[in-house]
Amino acid sequence: MPRSQLEQHPRFTELSPEVGEIDLEALEQAAAEDPDDTLPLLMLMARATDVSLRRRVRSLAPRLVLERARTGMRGGAGVARLRAVPADRAGDLDVDASLDAVLDARAVRRVPDLADLRGLAWERPRAAVCLLLDRSGSMEGRQLATAALAAAACALHATHAGSEIAVVAFDSRAEVLQPMGAAPVPDRVVDRVIGLRGHGVTSLDAALRAAAAQHLRSTAPRRVTLLLSDCRVTDDVDPTAAARGIEDLRIVAPAEDDEQARAFARAAGGRVATLATLRDLPRTLETLLD
């Protein structure tokens with residue numbers, strides 16, 4: 001994208017006062033104050049014909065996106081449940097479950113070994129999350145910023161919760177950007193998303209089958225598929241059958257264009273959350289994951 005076109009954005013010259021330059025302080029302040037305006041502009045700047053500017057933006061963008069994702073998250077890591085554990089792993093003593101061990105120890109006049117006693121501890125179930133990013137049609141500005149911020153939020157959530165994550169971009173076919181089972185490096189995941197180009201038709205069938213394949217790589221007891229799309233299918237394959245094979249489908253659709261997503265969720269047994277602003281995205285995803 002030529003500089004003359006980028007200069008049509010009212011904030012661009014504030015962030016890049018000269019060819020090849022970025023005012024980092026202004027960029028960080030703008031991203032914090034108005035991510036809905038700044039992050040889409042940043043995605044456009046990452047494709048500038050100005051080589052120096054493009055390189056600087058590509059080096060800075062993952063960190064800025066991760067900062068926005070981290071700021072918008074509450075820091076939770078899933079719903080905790082009471083689980084039986086050996087008493088030496090902490091938690092509260094489960095007297096009923098430990099009674100036999102106590103009686104056996106008393107019969108031989110010794111102190112019960114902690115390893116023989118049972119406890120109850122709050123633990124969060126490990127999860128596998130597959131994020132599906134719709135890159136069909138045009139993927140610039142806001143759409144790319146949404147995808148990058150979603151990838152950042154999911155990668156951070158997985159890191160905090162000890163979960164697994166896969167990231168898949170799709171149009172008529174699916175491309176795995178982060179395979180399930182590989183340890184996520186959040187800034188690398190975000191950088192791969194920023195490098196995406198939009199093209200092709202929308203095949204939800206291909207996306208959901210790719211998610212199912214990624215989940216097969218995991219042994220996590222909870223498997224969640226997050227789909228970022230308006231769910232407007234433009235190929236000739238009905239995705240309903242593939243969706244019904246997904247254990248837990250959550251859809252994030254644009255607030256101004258969610259009709260198709262809601263209809264698809266009803267048919268597939270999924271849940272829908274709508275997104276009005278980029279600022280709300282990290283918390284929206286965290287709520288869906290928790």
Can any side-chain N or O of [X] pair as donor or acceptor with the backbone N or O of [Y] at less than 3.5 Å?
{"X": "Arg279", "Y": "Glu33", "result": "yes"}
{"X": "Arg250", "Y": "Leu288", "result": "yes"}
{"X": "Thr202", "Y": "Ser136", "result": "no"}

I want to check something: taking the side chain as every heavy atom from C-beta on, are [X] and [Y] in contact at a cut-off of under 4.5 Å?
{"X": "Leu15", "Y": "His9", "result": "no"}
{"X": "Pro186", "Y": "Thr159", "result": "yes"}
{"X": "Val167", "Y": "Gln214", "result": "no"}
{"X": "Leu60", "Y": "Leu24", "result": "yes"}
{"X": "Leu289", "Y": "Leu226", "result": "yes"}
{"X": "Val252", "Y": "Thr146", "result": "no"}
{"X": "Met180", "Y": "His215", "result": "yes"}
{"X": "Cys154", "Y": "His157", "result": "no"}

Minimum-distance pair of heavy atoms, taken over all atoms of [X] and [Y]:
{"X": "Ala127", "Y": "Ser163", "result": "O-CB, 3.0 Å"}
{"X": "Ser172", "Y": "Ser203", "result": "O-CB, 3.8 Å"}
{"X": "Thr274", "Y": "Arg262", "result": "CG2-NH2, 3.3 Å"}
{"X": "Gly20", "Y": "Ser52", "result": "CA-CB, 3.9 Å"}
{"X": "Ala69", "Y": "Ala153", "result": "CB-N, 3.8 Å"}
{"X": "Leu149", "Y": "Val65", "result": "CD1-O, 3.6 Å"}

Does Val129 belong to the same Ile/Leu/Val/Met/Phe/Trp/Tyr cluster as Leu216, with side-chain heavy atoms less than 4.5 Å apart forming each link?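 Per the 4.5 Å side-chain linkage, Val129 and Leu216 are not co-clustered.
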Other residues, nucleotides, ligands: >12 heavy atoms within 6.0 Å of [X] [atom1]:
{"X": "Arg11", "atom1": "CZ", "value": "yes"}
{"X": "Glu14", "atom1": "CD", "value": "yes"}
{"X": "Arg197", "atom1": "CZ", "value": "yes"}

Listing request: all side chain to side chain donor-acceptor pair (under 3.5 Å) pairs with a residue in residues 56-73, at least two apart in sequence or in separate chains.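 Found Glu28-Arg63, Arg58-Asp191, Arg63-Glu67.
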For the pair Leu228 and Asp134, evaluate side chain to side chain contact (heavy atoms under 4.5 Å, CB included) and give the outcome as yes or no after the intermediate values. CA-CA 6 Å; Leu228 263 69; Asp134 185 346; 5.9 Å; no
For Val201 and Asp235, what are the C-alpha separation, side-chain angles and deciding distance, and is it a side chain to side chain contact (heavy atoms under 4.5 Å, CB included)? CA-CA 6 Å; Val201 299; Asp235 69 353; 4.0 Å; yes
When you check the gap from the basic side-chain N to the acidic O, do [X] and [Y] get nearer than 4.0 Å?
{"X": "Arg232", "Y": "Asp257", "answer": "yes"}
{"X": "Arg223", "Y": "Asp248", "answer": "no"}
{"X": "Arg135", "Y": "Glu175", "answer": "yes"}
{"X": "Arg209", "Y": "Asp205", "answer": "yes"}
{"X": "Arg173", "Y": "Asp171", "answer": "no"}
{"X": "Arg283", "Y": "Glu286", "answer": "no"}

What's the spacing between [X] [atom1] and [Y] [atom2] if we round to 0.5 Å?
{"X": "Asp258", "Y": "Asp230", "atom1": "CG", "atom2": "CG", "value": "10.0 Å"}
{"X": "Met73", "Y": "Leu285", "atom1": "CE", "atom2": "CG", "value": "8.5 Å"}
{"X": "Asp50", "Y": "Ser16", "atom1": "CG", "atom2": "OG", "value": "6.5 Å"}
{"X": "Asp36", "Y": "Thr277", "atom1": "CG", "atom2": "OG1", "value": "5.0 Å"}
{"X": "Thr225", "Y": "Leu131", "atom1": "OG1", "atom2": "CG", "value": "10.0 Å"}
{"X": "Leu6", "Y": "Leu53", "atom1": "CG", "atom2": "CG", "value": "7.0 Å"}

Full working for side chain to side chain contact (heavy atoms under 4.5 Å, CB included) between Val193 and Leu177: CA-CA 8 Å; Val193 173; Leu177 306 179; 3.9 Å; yes
Show which residues join Leu208 in its hydrophobic cluster (side-chain heavy-atom contacts under 4.5 Å, direct or indirect), or state none.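 Its cluster mates, by chain and number, are Leu132, Val168, Phe170, Val176, Leu204, Leu227, Val233, Ile246, Leu249, Ile251, Phe264, Val272.
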Given a cutoff of under 4.5 Å between side-chain heavy atoms of I, L, V, M, F, W and Y, with clusters grown through shared members, what are the other residues clustered with Val185?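 In the cluster with Val185 there is nothing else; it is isolated.
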Does the side-chain hydrogen bond (donor to acceptor under 3.5 Å, both in side chains) test come out yes or no for Glu164 and Ser218, once each step is laid out? CA-CA 8 Å; Glu164 296 176 84; Ser218 173; 2.7 Å; yes
Are side-chain N/O atoms of Glu25 and Gln29 paired as donor and acceptor at under 3.5 Å?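 Distance-only check fails for Glu25 and Gln29.
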